[in-house]
Amino acid sequence: MVYRYSEIVKKYFKHPKNVGKIKNADAIATEGSVLCGDMMTMYLKIRNNKIVDAKFESFGCAANIATASMLTEVVKGMNVDEAEKIEWKDVVKKLGGLPPIKYHCSVLAIQTLRSAIRKWKEKQKKVSS
Ligand code: FES
């Protein structure tokens, strides 16, 4: 099936930003989509509650790679609480839209980010207790 992607999606898919692992990441999460079975991993470096670096590895499609690429750019410099509130629709808007059948691919990126932040917060609670 051929999908019509925006120029921004094509740009972020063809030249994805922040692909790879972060050595000694403060937060790592891997999530899978129940809709397509694809998976992705997100790595975060966090200092003073601020995301200072974000990278990802994706085994998903072009829409997932473009979303994760845009998302990792957007969250850099953001407070973890702010980053946790980002909605998939916000990222899709920044990408110039996605075909509705590909919305779950952007949801997967958001889920993975939130999971990484949740894990980091749980770790912080354990350290301080
Ligand atoms: Fe699975 Fe896009 S179809 S992430």
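Counting starts at 1 for both ligands and their atoms, in listed order.
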Quiz item: Which N, O or S atom name in Asp38 marks its closest approach to atom 1 (Fe) of ligand 1?
Solution: OD2
Self-check item: Which of the ligand 1 atoms, numbered from 1, are nearer than 4.0 Å to a heavy atom of Asn64
Solution: 4 (S)
Quiz item: Counting backbone and side-chain atoms alike, does Cys36 have an N/O/S atom under 2.8 Å from atom 1 (Fe) of ligand 1?
Solution: yes
Exercise. Please determine if atom 2 (Fe) of ligand 1 has an N/O/S atom from His104 lying under 2.8 Å away.
Key: no
Quiz prompt | Subset of ligand 1 atoms that lie under 4.0 Å from at least one heavy atom of Cys105 | solution = 2 (Fe), 3 (S), 4 (S)
Self-check item: Min side-chain heavy-atom separation Phe13-Cys61 under 4.5 Å
Solution: no
Quiz item: Where do Glu7 and Lys10 land on the salt bridge (Lys or Arg N to Asp or Glu O under 4.0 Å) test, with the steps shown first?
Solution: CA-CA 5 Å; Glu7 288 307 312; Lys10 287 184 208 163; 3.1 Å; yes
Quiz item: NZ of Lys45 to CG of Asp26: how many Å apart, nearest 0.5 Å?
Solution: 5.0 Å
Quiz item: How long is the gap from CG on Asn18 to OH on Tyr12, to the nearest 0.5 Å?
Solution: 9.0 Å
Self-check item: Separation of Ser33 OG from Asp38 CG (nearest 0.5 Å)
Solution: 7.0 Å
